[in-house]
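Quick notes on the structure that follows.
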Amino acid sequence: MPVEPNPPAPAPSDFIRDIVAADVTQKRYAQIVTRFPPEPNGYLHLGHAKSICLNFGIARENHGRCNLRFDDTNPAKEETEYVDSITADVRWLIAGWADHCLGFKPNGASPARTTVNGQSDNYLGPVAPGANSEPFSASSYFDQLYDYAVELIKRGKAYVCDLSPEDTDSYRGAPGRPGKDSPFRTRTVAENLDLYTRMKTGDFPDGARSLRSKIDMASPNMWLRDPLLYRIRHTAHHHTGDKWCIYPLYDYAHCLSDYLEGVTHSICTLEFVDHRPFYNWILEKLGLPRPLPHQYEFAKLNLGYTIVSKRKLLQLVSEKYVSGWDDPRMPTLSGLRRRGIPASAIRAFVTGVGVTKFDSLTEVSVFENAVRHELNAAAQRRLAVLKPVKLVLTNIPAGEILECAATNNPQDANPTTRKIALTREVFIEADDFAEVPPPKYFRLKPGGEVRLKYACIIKCDEVVKNAAGAITELRGTADLTTRAGGPNVDKKVKGTIHWVSASKCVDAEVRLYDRLFNVAEPAAEDDFLKVVNPRSLEIVTAKLEASLAAAKPEDRFQFERLGYFALDKDSPVGPPLAGGPRLIFNRTISLKDTWAK
RNA sequence: UGCCCGAUGGUGUAAUGGUAGCACAAACGACUCUGACUCGUUUUGUCUAGGUUCAAGUCCUAGUCGGGCAGCCA
């Protein structure tokens with residue numbers, strides 16, 4: 001379970017929270033209600049995490065609520081697989097932080113008809129997530145949305161248009177050039193009602209007609225040139241099945257979904273600024289009785305060397321650049337989770353970048369720092385050797401086991417220890433030995449001394465090579481007087497290296513990840529697939545200290561001097577078998593390395 | 001040659017007319033049985049030009065630069 005940093009970070013402040021605070025002060029709403037409204041057409045990524053933390057954060061800070069709602073108005077693109085993954089990812093990200101704010105609806109519920117101030121109204125309130133509840137979805141409002149459209153027609157604010165999609169485009173004009181009215185704009189209410197009913201009953205093929213708002217085809221804002229409300233799609237919906245052959249468009253469905261759920265602050269990204277007048281237009285023209293929601297926009301997250309676009313991430317998956325949506329190199333929440341990144345680190349990161357209307361590019365180091373910061377405090381230290389070289393300590397008899405106490409986490413207030421075995425033969429990291437050392441090399445070299453962490457100081461006496469000249473093993477002597485409790489325990493040497501006993505270790509596959517893209521702004525490339533890093537994954541067979549055979553999937557480890565590692569979901573779990581299980585670890589992130597080579 | 005949004009160190013972000021601060025990054029140093037962590041020091045900033053004001057990063061005007069808008073996608 002992720003632990004909040006201690007002391008807790010101060011409550012964030014930004015221009016949207018300022019607006020919310022003012023609304024709270026003025027008692028404008030009975031309760032602050034936000035929503036996170038993904039379309040189920042892909043997996044959630046780091047960009048969504050920013051939105052989730054904003055919306056749930058505001059709910060949490062104001063004793064409010066945040067509804068998870070699927071914006072599922074386009075059956076051609078949406079699938080149940082995505083509904084399930086998104087729900088799981090949201091719950092993982094907010095677990096232990098904002099679970100109590102998560103709004104679901106009763107299974108199968110749709111808005112109930114009510115009366116407010118003598119006026120007919122529709123409302124669907126939340127319930128806590130549980131056995132008999134499910135996320136909200138726009139598709140459960142299709143009946144109400146249909147009725148509201150009838151009302152708009154009756155009020156002369158919507159009409160059925162017979163223009164083809166192509167003609168609709170050309171009638172719309174262009175930025176700087178006014179559009180022109182559709183020839184069907186002046187249809188009578190009765191005719192519109194009849195045609196709209198027949199759209200619903202399936203009398204017309206896809207694209208033959210549409211229901212449009214009647215606003216202003218000459219508006220300088222393109223989104224006010226009679227934008228469409230409904231289109232005909234003879235396509236089954238993952239949720240409503242074959243019930244409908246007309247589906248509402250985003251702008252129409254979204255504002256009304258917000259209203260039906262009692263949302264007060266509808267927070268979205270900057271590209272919807274131009275849509276805001278339309279959002280307000282629909283709600284105002286309907287003359288709804290309860291307080292109306294308001295839309296606010298912020299800049300989406302951009303991260304260096306990372307793609308944050310569902311469409312492009314889908315391409316990486318479908319064209320097999322990665323193993324799936326949850327490949328640990330992906331910036332998806334499921335990928336980051338599999339990689340071993342704690343939800344608390346993601347929350348700390350997105351909170352840290354802030355909320356503004358400036359289109360920025362955040363450096364990856366900020367994200368990496370957030371991950372290391374959380375893991376440094378939480379991860380158990382272990383010894384592991386990624387690229388082993390054998391070192392024979394000739395003054396330790398074969399079969400002798402010298403126990404050493406290793407600290408589990410020096411960051412703890414009262415650190416505990418575990419026992420590790422020092423034996424005649426150990427493995428050390430290939431990088432920790434240099435036959436011809438560069439300047440300021442602290443590690444092992446011929447004739448040199450170095451400390452084996454938690455054990456003792458050793459000296460390299462001999463370098464053994466094969467016929468080809470490659471090093472096959474190192475031979476040296478251990479100075480056992482420098483062990484804990486020994487007379488020379490305080491002897492100083494410049495270098496301390498990690499190691500594992502050759503006879504008391506387990507093998508593991510370790511997956512080493514590097515950034516997925518070679519350029520800071522892959523999204524700006526003509527073809528982002530051309531800048532995929534071909535060396536983003538390196539697989540090694542490592543030697544781990546024996547205790548890691550019992551690792552569990554939720555454990556987080558620091559392999560000392562190397563980085564943070566977590567068991568991969570491909571790794572078999574359970575007790576070690578004879579011969580040992582096949583362990584698979586992912587490197588979450590390396591330790592910061594200021595030793596420039 | 002329209003409408004909308006924006007601009008503070010290398011990056012991100014505070015300062016709500018009154019001392020330009022924080023984080024990351026970078027450099028150097030201290031500490032160290034992790035070249036990690038931690039700690040210390042340092043470098044670097046209000047897009048431009050006018051205006052209002054005792055006082056402007058903040059308000060006004062104009063410009064420059066960047067982003068968004070012409071899906072029956074969201």
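For the numbers below, each heavy atom of this structure counts, side chains included, while hydrogens, waters and symmetry mates do not. Chain letters run A, B, ... following the sequence lines, proteins first and then strands; every chain starts at 1.
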NA contact type, A:K453, heavy-atom cut-off 4.0 Å: base, sugar-phosphate, or nothing? base
What is the 5' to 3' range of RNA chain B, first to last nucleotide, that sits under 4.0 Å from any heavy atom of chain A? B:G2 to B:A74
Take atom C1' in B:A14 and the same atom in B:U46, then report the distance between them in whole Å. 12 Å
Hey, does A:Y441 reach any base, or is it just sugar-phosphate, or nothing, if we go heavy atoms under 4.0 Å? base
Can you name the side-chain hydrogen bond (donor to acceptor under 3.5 Å, both in side chains) partners of A:S210, sequence neighbours left out? none
Answer with base, sugar-phosphate or nothing: what part of the nucleic acid does A:L361 contact at a heavy-atom distance below 4.0 Å? sugar-phosphate
Will you find, in the side chains of A:R35 and A:S266, an N or O donor that is under 3.5 Å from an N or O acceptor? yes
Closest to the 5' end of RNA chain B, once A:P38 and A:V489 are matched to their nearest nucleotides, is A:V489
Expected list for residues 169-178 of chain A near RNA chain B, using heavy atoms below 4.0 Å, is A:D169, A:R172, A:G173, A:A174, A:P175, A:G176
Report which part of the nucleic acid A:F442 touches: base, sugar-phosphate, or nothing (heavy-atom distance under 4.0 Å, all strands). base
Spell out, as yes or no, whether a donor-acceptor pair under 3.5 Å connects the side chain of A:R483 to the backbone of A:E403. yes
Look at all strands and tell whether A:L249 reaches a base, only sugar-phosphate, or nothing, counting heavy atoms closer than 4.0 Å. sugar-phosphate
Between A:D274 and A:S13, whichever has its closest RNA chain B nucleotide further toward 5' is A:S13
Tell me whether the guanidinium CZ or amine NZ of A:R209 lies under 6.0 angstrom from the six-membered ring centre of A:F204 and within 45° of its axis. yes
Side chains of A:Y250 and A:N74: donor-acceptor distance under 3.5 Å anywhere? no
Using a heavy-atom cut-off of under 4.0 Å over every strand shown, decide if A:F272 touches base, sugar-phosphate, or nothing. base
Distance, C1' atom - from B:U44 to B:G12, rounded to whole angstrom: 15 Å
Check for a donor-acceptor pair, side chain of A:N409 on one end and backbone N or O of A:A377 on the other, with a separation under 3.5 Å. yes
With side chain to side chain donor-acceptor pair (under 3.5 Å) as the rule and sequence neighbours excluded, what pairs involving residues 300-309 of chain A come up? A:N302-A:D359
Specify the residues of residues 216-227 of chain A, ordered by number, for which at least one heavy atom lies under 4.0 angstrom from an atom of RNA chain B. A:P220, A:M222, A:W223
Side chains of A:S219 and A:N221, donor plus acceptor under 3.5 Å: no
Quick one: the dot-bracket string of RNA chain B, using Watson-Crick and G-U wobble pairs with both distances under 3.5 Å, [ ] for crossing pairs and | for bases paired to another strand. .((((((..((((....[..)))).(((((.......)))))....(((((..]....))))))))))).....
Do we see a donor-acceptor contact under 3.5 Å between the side chains of A:E560 and A:Q558? no
So what does A:Q558 hit on the nucleic acid, given a heavy-atom distance under 4.0 Å: a base, only sugar-phosphate, or nothing? base
